[in-house]
Amino acid sequence: MKFVVHEDCIGCNLCALTCPEVFSMNDNEKAQAIEGEVASEHQQKAIKAMQQCPVAAIERTE
């Protein structure tokens, strides 16, 4: 399971606070997801972060 943050991100930091193992803020104050597969122990938190995104800027890919 992988995650992608789209350009719709408003930089609210909610995803990085919810699941810092997968999401972080970049130099442009926008969220970014780690590259590659998310470890199984972090997948539920990453899904929660995706679902809580106020602008639905996070997408899960397989």
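Numbering starts at 1 and runs along the sequence shown.
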Novice: So, taking the atom named CD in Gln32 and the one named CG in Asn26, what distance separates them when rounded to the nearest 0.5 Å?
Specialist: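 The CD atom of Gln32 sits 5.0 Å away from the CG atom of Asn26.
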Novice: Counting neighbours of CD on Gln52 that are heavy atoms of other residues, nucleotides or ligands and sit closer than 6.0 Å, is the number greater than 12?
Specialist: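 Counting other residues, nucleotides and ligands, CD of Gln52 exceeds 12 neighbours.
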Novice: Do Asn13 side-chain atoms and Ala16 backbone N/O form a donor-acceptor pair below 3.5 Å?
Specialist: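 A pair under 3.5 Å: no.
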Novice: Testing the basics here: between Glu59 and Met50, what is the closest heavy-atom pair and its distance to 0.1 Å?
Specialist: C-SD, 4.2 Å
Novice: Around atom CD of Glu62, are there more than 12 heavy atoms of other residues, nucleotides or ligands at under 6.0 Å?
Specialist: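 Correct, the count exceeds 12.
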Novice: For Lys30, does its backbone N or O pair with a side-chain atom of Asn28 as donor and acceptor, under 3.5 Å?
Specialist: no
Novice: Testing the basics here: between Ala31 and Cys9, what is the closest heavy-atom pair and its distance to 0.1 Å?
Specialist: N-SG, 3.3 Å
Novice: Start with the C-alpha distance between Val22 and Lys45, add both sets of side-chain angles, then the distance that settles side chain to side chain contact (heavy atoms under 4.5 Å, CB included), and finish with yes or no.
Specialist: CA-CA 9 Å; Val22 176; Lys45 281 179 33 177; over 6 Å; no
Novice: Considering only heavy atoms from C-beta outward, does the side chain of Val38 approach that of Phe3 to under 4.5 Å?
Specialist: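 In contact.
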Novice: Does the side chain of Ile10 come within less than 4.5 Å of Pro54's, by heavy atoms?
Specialist: yes
Novice: Is it the case that over 12 heavy atoms from other parts of the model lie below 6.0 angstrom from the CD atom of Glu41?
Specialist: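 Enclosed: over 12 neighbouring heavy atoms sit under 6.0 Å from CD of Glu41.
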Novice: Following the transitive rule for hydrophobic clusters with a side-chain heavy-atom cut-off under 4.5 Å over Ile, Leu, Val, Met, Phe, Trp and Tyr, establish whether Ile58 and Met1 coincide in one cluster.
Specialist: yes
Novice: Would you compute the distance between atom NE2 of His6 and atom SG of Cys53 and round it to the nearest 0.5 angstrom?
Specialist: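 Between His6 NE2 and Cys53 SG, I get 10.0 Å after rounding to 0.5 Å.
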Novice: Report whether Leu14 and Met25 are members of the same hydrophobic cluster (ILVMFWY, side-chain heavy atoms less than 4.5 Å apart, transitive linking).
Specialist: no
Novice: Using side-chain heavy atoms (C-beta onward) and a distance below 4.5 Å, is Ile47 in contact with Arg60?
Specialist: yes
